[in-house]
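Presented below is the structure to which this report refers.
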2 protein chains.
Amino acid sequence: MTTTSAKEETLAVRISRILAERIVAGEIEPGTRLRQDHVAEEFGASHVPVREAFRRLEAQGLAVSEPRRGVRVASFALSEVREVAEMRAALEVLALRHAAPHITPAILDAAEEATKAGDKSRDVREWEEANRRFHRLILTPCNMPRLLAAIDDLHAASARFLFTTWRSSWEARTDHDHRAILAALRQGQADQAAAILARHVQWIGQRPVKTPSGATRDAFAIVG
Amino acid sequence: MTTTSAKEETLAVRISRILAERIVAGEIEPGTRLRQDHVAEEFGASHVPVREAFRRLEAQGLAVSEPRRGVRVASFALSEVREVAEMRAALEVLALRHAAPHITPAILDAAEEATKAGDKSRDVREWEEANRRFHRLILTPCNMPRLLAAIDDLHAASARFLFTTWRSSWEARTDHDHRAILAALRQGQADQAAAILARHVQWIGQRPVKTPSGATRDAFAIVG
DNA sequence: ATAGTAAAAATTATCTATAATTTTGAATTT
DNA sequence: AAATTCAAAATTATAGATAATTTTTACTAT
């Protein structure tokens, strides 16, 4: 997600950001058509910036577009969840390898705080926010903007799967992986930390879930 | 204009593809402003599809856009070249691991052909085409569309660096890495193939080069 | 001469309007 | 009753026009 300053944000960027949040949160079901005039009306805009927003969502993998047939919310199969998880593992490991030498004790403390916040979380949304904060904290020092942007998009996709599955039912749990990663980093064992991270990100849960429309289907989520 | 497009390709897609080719080929220098009305006029279109094309280029990392200040061709520093190379290594290794079990002898033969074509190439463009064909052939069987799309974008970025550097001066050379990768795959040694691929993709050459505007600067390129 | 400032030109971002295409739904036929 | 066809409605894609902003240029003052 390319974040521009809130004030100097173009209309297309704002629209795409808000639509992305809704799709990730599971408020709009996969396959739902996004109709440009409806979206335009909602935001009090014309459809030109809406179309640009659609192109952004498309690039993020949150929407798919067919010429002359419009745009719909991207669907996802188990295979795609796995794909995103494996890509995250590969890229986060790369980022951590480069970040490790630049991670300060202050960063590790902040990451510890994020882990605690995750353990205390009351719902999925809270947990996801803390989890993303943890990952961002330990990866950002790699100083590779393109890599971090790619990881951000994959995180959004992961969060989508997560929210779809644990929409209402959520019970806090202590995140042993996060603590193990921090312990390894504190001891300067970057390889060990990377290995745990790789496994951690690919943890996939699976359970039946109710869709917003009432149907029941098999769902799954990455929880790392 | 006559909107009877022979293909089912939208105008925005065609414009972004052609602009991407130019940027990758080094025909437009980094930092050059892309002015929507000029582009629109050239393609005989209005600026709406042009703006959409710009959003696509932005997502591919080939252009950068600032609100109200327009879009310019993305510049690149050595650090960014390295970043792309490392991302490619991480993702191509992942793709190869999944592709390996599904690679048939016919695919390996085709990849061998691509390698030979690369060895015979008379200019960079020819070599790059053969090189990309080789990588696509051995990676496509992984059957992970999102991963392959990400790799494609990284290839485009790599090609950009390559063309900038070896624009005119090119001498063919036999690609030992490609042959070693194929040999390992023929013997069912996927890990070995992946290891060579990872190193191969990160090979970075460095040399002084003349820019289109006449200046001389240090350039570099991934050649794998 | 150089720096600062204001008017002019160019450019971006958006809106309104129009053409083309697809989807929907009813009427007709098998 | 099911399938097919054709017209109407909805929707997408593009064009043309307008307002806002930035960049450039020219002018003035030091």
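A note on names: the letters A, B, ... follow the listed sequences, proteins ahead of strands, and every chain is numbered from 1.
Annotation: the span from Arg133(A) atom CZ to Glu128(A) atom CD amounts to 11.0 Å, rounded to 0.5 Å. Rounding to the nearest 0.5 Å places CD1 of Ile107(A) at 10.5 Å from CD1 of Ile138(A).
His135(B) and His178(B) have perpendicular rings, their planes meeting at more than 60° on a 0 to 90° scale where under 30° would count as parallel.
Pro30(A) has its side chain within reach of Phe76(A): a pair of non-hydrogen atoms, C-beta onward, lies under 4.5 Å apart.
Side-chain nitrogen and oxygen atoms of Arg35(B) include at least one within less than 4.0 Å of the OP1 or OP2 phosphate oxygen of dT11(C). For Thr10(B), no side-chain nitrogen or oxygen approaches OP1 or OP2 of dT12(D) to under 4.0 Å. Phosphate contact (OP1/OP2 of dA17(D), side-chain N/O of His47(B), threshold under 4.0 Å): absent. The shortest distance between the side-chain N/O atoms of Arg69(A) and the OP1/OP2 oxygens of dT23(C) is below 4.0 Å. Contact between the side-chain N/O atoms of Arg68(B) and the OP1/OP2 oxygens of dA20(D) is not found at any separation under 4.0 Å. Applying the 4.0 Å criterion to OP1 and OP2 of dT14(D), one finds that Ser46(B) has every side-chain N and O outside that range.
Mapping Pro49(A) and Gln36(B) onto DNA chain C by nearest heavy atom places Gln36(B) closer to the 5' end of the strand.
Residue-level contact check: Arg33(B) touches the backbone only, with heavy atoms under 4.0 Å from sugar-phosphate atoms and none from bases.
dA20(D) atom C1' lies 14 Å from atom CG of Leu11(A), rounded to whole Å. If you take CD of Glu66(A) and C1' of dA13(D), they are 15 Å apart, rounded to a whole angstrom. Here dT14(C) presents its C1' atom at 16 Å from CZ of Phe43(A), a figure rounded to the nearest Å. Here the P atom of nucleotide dA13(D) and the CZ atom of Arg55(A) are 7 Å apart, to the nearest Å. Rounded to whole angstrom, the span from the CZ atom of Arg51(A) across to the C1' atom of dA13(D) amounts to 5 Å. Spacing between atom CD of Glu58(B) and atom C1' of dT12(C) amounts to 14 Å, rounded to whole angstrom units. Straight-line distance from the CZ atom of Arg14(A) to the C1' atom of dA13(C): 13 Å, rounded to whole Å. Summarising the geometry, the separation between CG on Asp37(B) and C1' on dA9(C) is reported as 13 Å, rounded to the nearest angstrom.
With Glu92(B) as the fixed residue, the side chain to side chain donor-acceptor pair (under 3.5 Å) test singles out one of His155(B), Arg97(B), His200(B): His155(B).
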